[in-house]
Amino acid sequence: MCGYLAQAQLLVAQLSDYLLPELFQMHNPRCHFLILFIQLISIISFYHYVIPIRGEDNNTSAVKVDVGIILDLETDVGKVMHISVLLALEDYHANASRGAIRIVPHIKDSKKDDVEATSAAIYLLKDVQVQAIFGPQMSTQTDFVIDLGNRVKVPIISPATSPLLTVKENPYFIRAALPSSSQTKAIAALVKNFDWREVVVIYEDSPYGFGIVPHLTDALLEISSLVSYRSVLSPSANDDQILKELYNLNTKQTRVFVVHLRPYLASRLFLKAKEAGMMSSGYAWIMTDVLTSILDLVDHSVIESSMQGVLGIKPYIPRSNQLNNYTKRWRKRFRQEYPDMDQIELNAFGLWAYDGITLLAEAVGKLGTTAIPKLKKPDTRENLTNLDALGTSEVGSQLIDSMRNTVLKQGLSGDYRIIDGELQPFPYQIVNIIGKGEKSIGFWTEKDDISCKLKNGKTAAKCNNKQLGAIFWPGDSTIVPRGWEMPTSGKKLRIGVPLKGGLEQLIKVERDSKTQAVTATGFCADVFKEVILSLPYALPYEFIPFPIQDPLTLPDYDDLVHKITSQDYDAVVGDVTILASRSEYVDFTLPFIESGISVVVPVRDDDRRDAWIFLKPLKSELWITTGAFFVFIGFVVWVLEHRVNKEFRGPKCKQVGMIFWFSFSTLVFAHRERVTSNLTRFVLIVWVFVVLVLTSSYTASLTSMLTVQQLQPTITDLNDLIKNGEYVGYQEGSFVKDVFIKRMKFDSSKFRSYITLEDYDDALSRGSKNGGVGAIVDELPYLRLFLNKYCRKYIMVGRTYKAAGFGFAFPKGSPLVPDVSRAVLKVMEGEFMNNVIQKWFGNETGCPQKDETAITSDSLTLDSFKGLFLIAGVSAGSALLLFFLNFLNQNREILATDDSIWQKLTAIAKVFDEEKDNSNSMSEKPSESNGSNAPKLLAASEASPEILPDLPLQIPEIRISDGLGASPAAEGFSTTEPGTPVHETITDTIEEI
């Protein structure tokens, strides 16, 4: 109370200092009395104003509820919240409807000490027996106080931001401020917006500092970025230690820094960063929400000199008339409470304190007007410690239930929502430090991500298709930092290169015997050097050889790439193929040369000297199918013609021979037999077309084989390698062996590794039976080199298995990959690529016998003629089916008998074997001998001369009445014998007569 009276006296003294000089000039005794009266009234008024706030009034009818307030009143943030707490209680008590309940605050100063905070909490719970505690504000202090609240069942409403303090594990804990983890997605969105792949987190060594790190790491991983380094500063670090750490950071690649420090340590960090040259162009700095929210507590000289261009995020507090009026009241009250202190500004923590106390007061108001019982002491007579003697609150559970899920719609900070004991996230405002203060450049919400402004203070709104406003970066630059630079330590990139004894056209590594300097040449090395020269900045590097043909360890290219993950190399350059399995642990640039996997086999001798070359135009399966169809067509024709054509009758041997003779004679269109059935003619029309196509194709293929000299492979199908048990060669250390084992099911024991092109040649020349191989499998760049040198001896066959090509490998998430990939594209589009290919691969068209495409078999296969054989088979089968259906219909009386099936089949076969009677239906009886017809014909002609002119019309009937079953010549089908004119036949008959 004395402190408040002293403040009242001080206020009156200030008023007197202002009024006395004027009044004393009047030299009037009444003026002296007036001065004394004013002082007395002021003291009485201030006394009545202060007492209600402290709960020491004489209103005995009001229900008093004791509430503890623990703040660090030695800190600026603590003083800001202190004023907000006082104003919140004053506004609550000013409401007449709440006069029945009076909240009595008991304010304790923790003095920035954890023990003091704990001692204050024990005092409030044991001696004062408060029903709730607001505070402490520090995370380390709050941790133990929360345990006390859980034990005593007293709600602890704290503005501590450390995510290590969880509301789920502490049922009596209410977080009255946003946890630092809630801003991590906003920071990640900002990093993503500028395409930064790595960031460095600078945080203090305290629960406040390291609590954010795991959450920020997870948020960055979701956008494929990462925390490349964690810089931990002690809260008590001196300037030299801070400067040393900054120099260490400057030796690393990453140039994006996330600062999670409190104002005092942060201001010193930025001063030293300026001194270290890290507040210049190319650097990016992001402040977390606590530092940005209380930026006015940082010395303005530090802001102007060392923080220009820094980005920051903070919870967005919408402006309102209510907030503006409150801010004026708050400033006035602050000057009253702390008259000797420079004016500071109200911040988010002050607003959250006001809203938090308001929620607490409303929860207390729900308890009713009955007297609030004191803490229930434990029922025991034993000697108790201070903690055991605290007792438990009987209304704490009601208070915590009222506050865990509640919303303050008209809060000063906006919609102040507590869900499950946790303050729900606000939209975040993104600011840019310019001049003495900050400039808003955008907002972030979890729903709409980054936008340049908010609509109605809640939802994002688009504006000019820009996500953020204009930004001034450190060094007065308007160019977005790319987020990384080469280290200033002078350290060179360690480039791993494969050291092998062959195929030096692609990569060759040499070490100088005197200087031990490593040089790399070859196609891959030349491309890499040109790519580095194409980068917009200098990139120092050094080559480190990696032996591939080590007989002890047997390393391969996968082991070389794994050296990046073990941080032995910073990159790998060489003939390294981009594979899905490798891309899981390294990042590849775009390929600088296409690749694929194929097979090379020896060529065979000139087939034109082969005595059996006439059989090679057709594959064996096509020969067999063609022969089978010849026999089938011959059989079908025989069935259709056997009953009606005497040329298809006779002894069994003759009939069998006719089947083969007739069908095979169609091959050269030399058949002389006439056919009479329309079904037979239909079958032959289709078959003759098939034969025409087959003979034409055969002739063309054979002509090609005899007239054009080609490099024919010994093997045209990879399956032949498996069937023949051939050995296959590959390059030592290559992945192609695994590809063929998995895809083609090759036996792993059938592979033999080689190193040089000469080894390939020797192995193929000897063959599998003599310790060599029957084929070489490798990637196209190697095979092209091999064929350029031995183009007349070997040839590429079969299909080509696609591969992604050769690329440069870097660590996962390396910022170099995009720049190097763009440089690769630039090099490939220029003339350099053509020159370097010509230099190392030579002229690929120099070999006249070389075929640029993979060779396959020249023999015709059955697949090419399946359609023709299908048509011929369906045609012949349909004709045969129609014939048998008609035949069975004509002999249905046999099928209708009661004989057994075997007897029916035998009867049907006998009928089929009998010659069909084709006599003219106009003849009433069978004709007699030919000789008896002549006199009748002559007599008829003499008796009636008019008959003779009509004789030719009767000749066809006369010719088929011989009883032999022969068809008229006009109905025959012959390719060699013309029909005999009728008038010649008549003349001969008359002469005989």
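Bear in mind that the values here come from a model prediction, so they are computed numbers and not experimental data.
Shown here for Ser595 and Phe806, the closest heavy-atom pair between the two residues is OG-CE2, 4.3 Å. Looking at every heavy atom in both residues, Pro781 comes nearest to Ile593 through CG-CD1, 4.3 Å. Of all the heavy atoms in Phe592 and Met828, the pair that sits closest is CA-SD, 3.8 Å. Heavy atoms only, all atoms of each residue included: Ser598 and Leu780 are closest at CB-CD2, 3.9 Å. Closest approach of Val586 and Ala809 over heavy atoms only: CG2-CB, 4.3 Å. The heavy-atom pair separating Pro602 from Gly774 by the smallest distance is CD-O, 3.6 Å.
Between Asp568 and Arg494 there is no salt bridge, since no side-chain nitrogen of the basic residue lies less than 4.0 Å from a carboxylate oxygen of the acidic one. Comment: Arg766 engages Asp762 in a salt bridge, judged by a side-chain N to carboxylate O separation of less than 4.0 angstrom. Salt-bridge annotation for Lys737 and Asp556: absent, with no side-chain N of the basic residue lying under 4.0 Å from a carboxylate O of the acidic one. The existence of a salt bridge linking Lys789 and Glu758 is confirmed by a sub-4.0 Å separation between a basic side-chain nitrogen and an acidic carboxylate oxygen. Salt bridge present: Glu485 and Arg482 bring a charged side-chain N and a carboxylate O closer than 4.0 Å.
In this structure, CG on Leu787 lies 5.0 Å from CE on Met796, to the nearest 0.5 angstrom. Residue Met278 holds its CE atom at 4.5 Å from CG of Asn250, rounded to the nearest 0.5 Å. In this structure, CG in Leu868 is found 13.0 Å from NZ in Lys866, a value given to the nearest 0.5 Å. Here Leu618 contributes atom CG and Ile624 contributes atom CD1; the two are 11.5 Å apart, rounded to the nearest 0.5 Å. In this structure, CG in Leu539 is found 12.0 Å from OG in Ser534, a value given to the nearest 0.5 Å. Interatomic distance, OG1 of Thr589 versus CZ of Arg822, reported as 12.0 Å (0.5 Å rounding).
Between the side chains of Thr577 and Glu779, at least one donor N or O lies within less than 3.5 Å of an accepting N or O. With 3.5 Å as the limit, one finds no donor-acceptor pair spanning the side chains of Asp778 and Tyr754.
Between the Ser280 side chain and the Gly277 main chain, a donor and an acceptor come within less than 3.5 Å of each other. Between the side chain of Thr625 and the main chain of Leu622, no donor-acceptor pair closer than 3.5 Å is present. Side chain of Ser768 to backbone of Tyr727: a donor-acceptor contact under 3.5 angstrom is found. One N or O on the side chain of Asp759 and one on the backbone of Thr756 form a donor-acceptor pair closer than 3.5 Å. Distance alone, capped at 3.5 Å, is enough to place a donor-acceptor pair between the Asp512 side chain and the Thr515 backbone. No donor-acceptor distance shorter than 3.5 angstrom exists from the side chain of Gln567 to the backbone of Ile564, with no hydrogens or angles considered. Distance alone, capped at 3.5 Å, places no donor-acceptor pair between the Trp473 side chain and the Ser281 backbone. A donor-acceptor contact shorter than 3.5 Å is absent between the side chain of Arg752 and the backbone of Ser749. At least one donor-acceptor pair under 3.5 Å links the side chain of Thr251 to the backbone N or O of Asn248. The main-chain N or O of Lys563 is found under 3.5 Å from a side-chain atom of Ser566 such that the two form a donor-acceptor pair.
Every residue two or more places apart in sequence or in another chain that forms a ring-ring contact (aromatic ring centres under 6.0 Å, His included) with Tyr585 is listed here: His562. When the side chain to side chain contact (heavy atoms under 4.5 Å, CB included) test is applied to Leu702, the partners found at least two apart in sequence or on another chain are Pro617, Tyr698, Leu706. Take Asp761 and apply the side chain to side chain contact (heavy atoms under 4.5 Å, CB included) test, not counting sequence neighbours, and it matches Ser765, Phe786, Tyr790, Lys793, Tyr794.
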Practice prompt. Begin with the C-alpha distance, continue with both residues' side-chain angles, and end with the deciding distance and a verdict on side-chain contact (heavy atoms from CB on, under 4.5 Å) for Phe751 and Val777.
Written response: CA-CA 10 Å; Phe751 281 88; Val777 294; 4.2 Å; yes
Fill in: Working for side-chain contact (heavy atoms from CB on, under 4.5 Å), residues Val573 and Val497
CA-CA 5 Å; Val573 171; Val497 287; 4.3 Å; yes
Worksheet item: Checking side-chain contact (heavy atoms from CB on, under 4.5 Å) for the pair Ser748/Ile741: CA distance, chi angles, key distance, verdict?
Response: CA-CA 6 Å; Ser748 59; Ile741 291 176; 3.6 Å; yes
Discussion item. One pair to check against side-chain contact (heavy atoms from CB on, under 4.5 Å): Leu190 and Ile450. What are the steps and the verdict?
Written reply: CA-CA 8 Å; Leu190 200 58; Ile450 290 179; 4.3 Å; yes
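Few gaps surround NZ on Lys529; more than 12 heavy atoms of other groups in view lie less than 6.0 Å from it.
Between Val480 and Ile471, every side-chain heavy-atom pair lies at or beyond the 4.5 Å cut-off. Side-chain atoms of Phe746 and Leu721, non-hydrogen and from C-beta on, do get closer than 4.5 Å to each other. Two residues are said to be in side-chain contact when any heavy atoms from C-beta on lie closer than 4.5 Å; Tyr782 and Leu757 fail this criterion. Looking at Ile795 and Val601, their side chains come closer than 4.5 Å, going by heavy atoms from C-beta outward. Side-chain contact between Phe740 and Tyr730 is absent, with no heavy atoms from C-beta onward closer than 4.5 Å. Proximity of Leu860 to Phe865: side-chain heavy atoms (C-beta onward) are separated by under 4.5 Å at one or more points. Using a 4.5 Å heavy-atom threshold, the side chains of Phe257 and Leu246 count as separate. The shortest side-chain heavy-atom distance between Pro545 and Arg511 falls under the 4.5 Å cut-off.
The ring-ring contact (aromatic ring centres under 6.0 Å, His included) pairs that include a residue from residues 496-536 are Phe523-Phe841, Phe528-Tyr541, Phe528-Phe808, where partners are two or more places apart or lie in different chains.
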Please report, to 0.1 Å, the donor-acceptor pairs under 3.5 Å made by any side chain of residues 191-199, with sequence neighbours excluded.
residue: Trp196; atom: NE1; partner: Pro481; partner atom: O; Å: 2.7
residue: Arg197; atom: NE; partner: Ser224; partner atom: O; Å: 3.3
residue: Glu198; atom: OE1; partner: Thr254; partner atom: OG1; Å: 3.0

For residues 502-509, run the donor-acceptor check on the side chains, cut-off 3.5 Å, and write out each pair with its distance to 0.1 Å, sequence neighbours left out.
residue: Lys508; atom: NZ; partner: Glu510; partner atom: OE2; Å: 3.3

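Test Leu692, Thr699, Leu694, Val693 against Ser696 for side chain to side chain contact (heavy atoms under 4.5 Å, CB included) and you get one pass: Leu692.
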